[in-house]
Amino acid sequence: MTDKVLIAGVGNSPFGKLTGRTPLDLEVEAAVKAMEDAGLNPQDVDGLVTDPGPAQGIVNGITPHYLALGQLLGLDPSYTGSEILGGAGSVAIIQRAVMAIEAGLCSVCLCVYGDAPLSSPGSFDYARGDEAAYGLFGAAGMHALAANRHQHLWGTSEDHFAEVAIAARAHAVRNPGAQLQDPLTLEDYRESRYIVEPLRRPDCCLVSDGAAAVVVTSAEYRGSLRKPPVEVLGYGQAHSFGTWSSPDHFDSSPAVRCGPATLARAGLAPNDIDVVQLYDCFTIVVLMQLEAYGFCKQGESGSFVEGGRIGPDGDLPVNTSGGLLAEAYGGGMLHVIEAVRQLRNEAESRQITDAETALVSGHGLGMNTHSTLILGK
């Protein structure tokens, strides 16, 4: 990347159970806020890429989503499209915007995630192939198998999963926009019910209605933006098209290939990263990514997170807004927004001192997709 691409603006709607509001309504709100944050208007936008989320993108299909949203925003872009990569989609659409700008296809690209799965029953409980006959539905069963595998291979305990959940809640307490505001103790965790053993309720992400948007621009806009921009230093993806019936499917994730390669493109190592926002649909995914990105060795993530290490006062605060586990389910876009706010020094009581670099990840579908974004001041 010879000429840096910028994140110029961010914005989001409320998150939670937003009865009476459609996904498109929420997406328009987030998009308008992101454009206002950048000091730009719809006439400046010549690119639109979207992540339609599970209810719009997987259950109902896109018809197409970018067209419906673009019409409501009054856009006539030169470049457009939608991505369906599950939880890797939001980071992926920002990467797509960066590539489009680098290729000269557009200069101001609006990236929007939005959905209302909490108001759309069935969004997350769809059958998982023939194994549904034996009870395998949705994402929780899939990731419970991954958690079982990690326990078997590396001796990871449920208390290690608890460390991730407790840290997420401790971060969320400092975020007035988070859905879960009460601290979580180890005793609380141990008393919570199983969703799919060994994953308990605090191990599983929230389900939320809401939308979030990011404005990506070429470097030529640097001097005309409302707020200091954040630079895109590197990006990457890796995918595995294996299935849960493959013997080694849960031994690792595509993050093992994607993470180190993206850090190398940015010219950085794990210890150069100040802000870490890891996709956290389930606590086991955080542990696996800590290993994949090189923050600790394979099999050592359980002991690595002990003692509040990834909490607000730890050596490596992870998901400083509370993440999917405690802030809200935002498809991964809220992770990007939190990273931008940290680098702008706008994170208030949860601000990481002297934050200059950030890593954001996305993880999706049946542990098949992964995306990484490296940002800097």
Side-chain angles (χ1 to χ4, degrees), residues 86-88 128-129 131 134-168 186 189-190 192 194-205 238-263 270 276 278-311 314-316 318-319 323-325 359 361-372:
R128 290 285 183 181
E131 285 86 345
Y134 302 94
L136 186 58
F137 282 79
M142 169 74 64
H143 288 83
L145 294 175
N148 282 148
R149 184 62 173 166
H150 210 271
Q151 289 177 309
H152 171 74
L153 289 175
W154 309 112
T156 309
S157 71
E158 290 188 18
D159 282 1
H160 292 143
F161 302 147
E163 289 278 3
V164 179
I166 291 167
L186 182 57
Y189 176 89
R190 289 172 174 170
S192 64
Y194 285 114
I195 301 300
V196 184
E197 195 172 352
L199 300 180
R200 299 177 182 271
R201 178 63 192 89
D203 292 307
C204 305
C205 69
H239 309 288
S240 170
F241 292 158
T243 70
W244 49 95
S245 59
S246 300
D248 59 353
H249 185 66
F250 296 110
D251 290 359
S252 63
S253 83
V256 171
R257 291 179 284 124
C258 182
T262 305
L263 284 165
V276 181
L278 299 179
Y279 195 86
D280 55 333
C281 49
F282 300 93
T283 52
I284 180 59
V285 176
V286 174
L287 295 180
M288 294 178 74
Q289 288 178 96
L290 287 169
E291 296 172 3
Y293 279 93
F295 292 107
C296 61
K297 294 181 180 179
Q298 187 175 24
E300 296 183 0
S301 58
S303 58
F304 181 84
V305 300
E306 289 176 350
R309 191 172 197 167
I310 63 173
D315 296 334
L316 185 73
V318 173
N319 295 343
L324 303 178
L325 293 170
L359 182 152
S361 73
H363 158 100
L365 302 179
M367 299 187 69
N368 298 114
T369 64
H370 199 86
S371 53
T372 306

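We use all heavy atoms of the structure for the numbers below, so side chains are in, but hydrogens, waters and symmetry mates are not.
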Subject >> Parallel, tilted or perpendicular: rings of H363 and H370 (30°, 60°) >> reply: perpendicular
**OP:** For the pair H150 and W154, name the ring-plane relationship: parallel under 30°, tilted 30 to 60°, perpendicular over 60°.
**Re:** tilted
**OP:** Determine, step by step, whether V305 and L290 satisfy the side chain to side chain contact (heavy atoms under 4.5 Å, CB included) criterion, reporting the C-alpha distance in whole Å, the side-chain angles of both residues, the deciding distance to 0.1 Å, and the verdict.
**Re:** CA-CA 9 Å; V305 300; L290 287 169; 3.6 Å; yes
Subject >> Test log, rule side chain to side chain contact (heavy atoms under 4.5 Å, CB included), inputs F295 and Q289 >> reply: CA-CA 9 Å; F295 292 107; Q289 288 178 96; over 6 Å; no
Residue pair [X] / [Y]: nearest heavy atoms and the distance that separates them:
X: L359; Y: L278; answer: CD2-CD2, 3.9 Å
X: P202; Y: T283; answer: O-CG2, 4.2 Å
X: H143; Y: C281; answer: NE2-SG, 4.0 Å
X: P254; Y: A238; answer: CB-O, 3.3 Å
X: L325; Y: C205; answer: CD2-N, 3.8 Å
X: E197; Y: A144; answer: O-CB, 3.8 Å

Donor-acceptor pair, side chain of [X] and main chain of [Y], under 3.5 angstrom:
X: D315; Y: I310; result: no
X: R149; Y: H152; result: no
X: S301; Y: E291; result: no
X: E306; Y: H160; result: no
X: S361; Y: Y279; result: yes
X: S371; Y: A88; result: yes

Subject >> Side-chain H-bond candidate by donor/acceptor type, D159 with Y189, under 3.5 Å >> reply: no
[atom1]-[atom2] distance between [X] and [Y], expressed to the nearest 0.5 angstrom:
X: F161; Y: I166; atom1: CZ; atom2: CD1; result: 13.5 Å
X: D251; Y: S246; atom1: CG; atom2: OG; result: 10.5 Å
X: L199; Y: M142; atom1: CG; atom2: CE; result: 12.5 Å
X: H249; Y: M367; atom1: NE2; atom2: CE; result: 6.0 Å
X: L153; Y: N148; atom1: CG; atom2: CG; result: 11.0 Å
X: L263; Y: C258; atom1: CG; atom2: SG; result: 9.0 Å

Are side-chain heavy atoms of [X] and [Y] found at a separation under 4.5 Å?
X: R190; Y: L186; result: yes
X: F304; Y: L287; result: no
X: Y293; Y: V276; result: no

**OP:** Kindly indicate, with the supporting measurements, whether the criterion side chain to side chain contact (heavy atoms under 4.5 Å, CB included) is fulfilled by H239 and N368.
**Re:** CA-CA 5 Å; H239 309 288; N368 298 114; 5.9 Å; no
**OP:** Go through the steps to decide whether E158 and Y194 satisfy the test side chain to side chain contact (heavy atoms under 4.5 Å, CB included), and finish with yes or no.
**Re:** CA-CA 11 Å; E158 290 188 18; Y194 285 114; 2.9 Å; yes
Subject >> side-chain hydrogen bond (donor to acceptor under 3.5 Å, both in side chains) against R257, all qualifying residues, sequence neighbours excluded >> reply: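 Residues passing side-chain hydrogen bond (donor to acceptor under 3.5 Å, both in side chains) with R257: none at all.
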